[in-house]
Visitor: 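This structure is in structure tokens; I'll ask about it shortly.
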Amino acid sequence: MTTIKQTGLFEQEAGATSSAQDLQSQAGPEKAPQQLQALREQILTLDYEYYVLDAPSVPDSEYDRLFRQLQQLESDHPELITPDSPTQRVGGTALKAFDSVTHRQAMLSLNNAFEDEELLAFDKRARETLGVDSIEYAVEPKFDGLAITLTYEHGILTQGATRGDGYSGENVTSNLCTIKSIRRKLPLQTPPALLEVRGEVLMLKRDFDKLNQEQEAKGEKRFVNPRNAAAGSLRQLDPNITATRPLTFFAYGLGVTEGVPAFTSHSAAMDYLDSLKLPVSRQRAVVQGLEGLRDYYVRIGNERNDLPFDIDGVVYKVNNLNQQRELGFVSRAPRWAIAHKFPAQEALTEVLAIDVQVGRTGAITPVARLKPVFVGGVTVTNATLHNQDEIDRKDVRVGDTVSVRRAGDVIPEVVGVLLERRPAETQPYQLLESIKHACPVCGSHAVRLEDEAAVRCTGGLFCSAQRKEAILHFASRRAMDVEGLGDKLVEQLVDSQLVKTLAELYSLTLEQLSGLERMAEKSAQNLLQALQASKHTTLARFIYALGIRNVGEATAKDLARYFGGLAALQAATGEELQQVPDVGPIVLIQLSPFSPRPITVR
Ligand code: IVH
């Protein structure tokens with residue numbers, strides 16, 4: 001789950017979370033009552049922000065951590081558990097602005113499993129209680145949205161309510177009626193007298209991107225993530241505004257019913273909803289035993305980034321409804337279901353510095369150096385800040401506490417700043433000023449062109465950073481495919497001035513290469529062979545390998561097809577070049593100095 005507001009919304013007391021971190025290290029029996037009290041208050045504040053204000057001040061991973069800490073402390077000191085503890089109830093109370101609705105049946109929560117052992121314990125306990133060897137489970141994604149109940153009376157949608165505190169929520173019927181995937185009338189001749197459908201309202205990733213583009217075009221604030229956008233949209237007092245927000249709904253359960261078929265399993269109930277043309281998850285499945293759960297977790301984990309909506313885990317439910325009844329509930333959650341969470345894709349950390357990197361095309365990109373943080377399954381120490389516009393939009397400064405996101409193979413990025421944790425005396429970051437208008441690598445003038453977001457070094461291949469990147473691109477698999485020419489080696493070749501142009505790669509000698517650090521004679525020989533082999537390539541790959549700005553693989557192929565040979569391409573006039581598909585004035589500027597340029601190196 002990703003739940004951070006970008007600016008100005010972190011009303012929570014400064015440093016509140018770090019104070020809880022401190023608690024961990026102080027654990028001791030005499031301190032336990034105060035620690036419990038502090039943790040509970042902190043969690044209650046976060047619950048209020050999350051459930052009532054829809055303005056969370058920390059990512060869910062942080063909330064989960066504090067909650068688990070409280071659970072741990074309470075299980076160490078069970079005599080100190082109080083009925084008002086966040087672990088003993090479902091969070092939040094309904095806002096006044098919408099009518100309050102009392103749920104016929106409480107909308108409870110799920111326990112979470114993060115580790116395999118917790119999953120094992122869940123399955124074991126259920127098997128032991130039921131006295132069976134293996135359990136059949138209904139499995140589904142855990143949608144990262146907002147829980148609601150839809151009430152259909154005699155086939156007509158008469159009410160839609162948010163979860164609120166689990167016992168009473170807000171009447172958001174008019175807003176839910178604007179959601180296109182929710183039917184207002186069930187497609188049945190004789191509908192049931194009462195059907196409560198439970199599920200999640202969310203915003204698809206692509207709808208979220210589109211909404212943000214529109215917000216920006218209107219000069220309005222961007223939403224930080226789809227969950228925030230869905231929450232903000234569902235809780236609009238004016239349904240006309242909600243109607244302009246692309247919300248989606250997925251059903252995952254039933255509440256109170258009258259006159260529906262007698263289902264024996266959860267999956268049969270979902271099939272029934274499916275038959276009523278209500279949206280149910282396409283990823284739902286029925287699996288057998290612990291192995292089935294583990295396989296499903298891995299499968300959905302792999303699909304996670306490609307799904308059209310955000311999920312933060314998967315949910316396992318004992319499929320047989322009689323078995324569910326036998327297992328029952330404990331405190332705030334059922335014993336027959338558990339949410340198995342994926343590693344958080346967002347976490348909090350600190351910006352230690354803002355450095356720059358010079359890319360192949362001379363773009364000077366700001367990079368946040370971060371206090372190492374575990375997120376998305378890896379330790380992250382850097383996050384791209386893209387360009388000055390992005391920095392301005394997020395107002396990221398050195399010393400800030402930021403929320404960092406890493407999803408799949410995507411480069412980690414800073415999502416937003418926790419303004420209330422900003423130390424005194426920080427300065428807005430200005431890229432050009434910080435590098436004194438000069439490329440930090442070669443000292444050439446650095447400029448930002450009017451219609452570009454990037455600041456660029458004007459040094460071209462004179463700049464060793466650009467030369468390194470250009471050589472790496474030249475040697476890459478889809479270009480000249482020179483095996484063994486990796487970044488460490490390129491660094492040495494450029495720094496020792498052995499290679500000043502791409503062409504000079506081909507006059508390297510065994511002697512020169514063997515003289516390099518950590519270069520055995522055998523590797524040097526292999527590299528020379530790989531370089532020779534790379535000469536047998538296509539014109540398209542060669543053009544692409546040159547790394548001309550705006551000439552990607554497709555344009556390189558078009559150029560090769562049109563001109564047939566290098567000589568014809570080099571002799572081409574601007575007019576001729578523009579005959580090639582996709583070659584317009586912009587590409588033309590990049591192609592005009594096509595003939596090899598003399599390069600001087602200091
Ligand atoms: S079942 C009694 N199934 O997770 C248990 N919940 O922590 C009822 N959620 O409030 C919940 N996807 O908002 C269930 N496939 C799914 C879910 C799901 C997301 C949310 C739901 C609930 C929260 C519980």
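In each ligand, atom 1 is the first atom listed, and ligand 1 is the first ligand listed.
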Visitor: I would like to know whether Glu346 and Ser403 meet side chain to side chain donor-acceptor pair (under 3.5 Å); could you show each step before the answer?
Guide: CA-CA 6 Å; Glu346 258 183 65; Ser403 182; 2.8 Å; yes
Visitor: Report the C-alpha separation of Leu36 and Glu74 in whole Å, then their side-chain angles, then the decisive distance to 0.1 Å, and conclude whether the side chain to side chain contact (heavy atoms under 4.5 Å, CB included) test is met.
Guide: CA-CA 8 Å; Leu36 275 167; Glu74 285 184 345; 3.6 Å; yes
Visitor: Compute the ring centroids of Phe309 and Phe250, then answer whether they are less than 6.0 Å apart.
Guide: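 They qualify: ring centres under 6.0 Å apart.
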Visitor: Listed by chain and number, what are the side-chain hydrogen bond (donor to acceptor under 3.5 Å, both in side chains) partners of Asp133, not counting sequence neighbours?
Guide: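 With neighbours one apart ignored, the set is empty.
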Visitor: Hey, what's the ring geometry for His340 with Tyr297, parallel, tilted or perpendicular (30° and 60° as the breaks)?
Guide: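 Parallel: the ring planes of His340 and Tyr297 meet at under 30°.
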Visitor: Just by distance, with hydrogens left out, do His386 and Glu413 show a side-chain donor and acceptor under 3.5 Å apart?
Guide: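 Their side chains do contain a donor-acceptor pair, which is all the 3.5 Å distance test asks for.
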Visitor: List below, pair by pair, the N or O atoms of ligand 1 and of the protein that are less than 3.5 Å apart, including the distance to 0.1 Å; reply 'none' if no pair qualifies.
Guide:
| from | atom 1 | to | atom 2 | distance (Å) |
| --- | --- | --- | --- | --- |
| ligand 1 | 3 (N) | Lys317 | NZ | 3.1 |
| ligand 1 | 4 (O) | Lys142 | NZ | 3.2 |
| ligand 1 | 7 (O) | Leu110 | N | 3.3 |
| ligand 1 | 10 (O) | Arg163 | NH1 | 2.9 |
| ligand 1 | 12 (N) | Phe143 | N | 3.0 |
| ligand 1 | 13 (O) | Glu200 | OE1 | 2.6 |
| ligand 1 | 13 (O) | Glu200 | OE2 | 3.3 |
| ligand 1 | 13 (O) | Tyr252 | OH | 3.4 |
| ligand 1 | 15 (N) | Glu140 | OE1 | 2.8 |
| ligand 1 | 15 (N) | Pro141 | O | 3.1 |

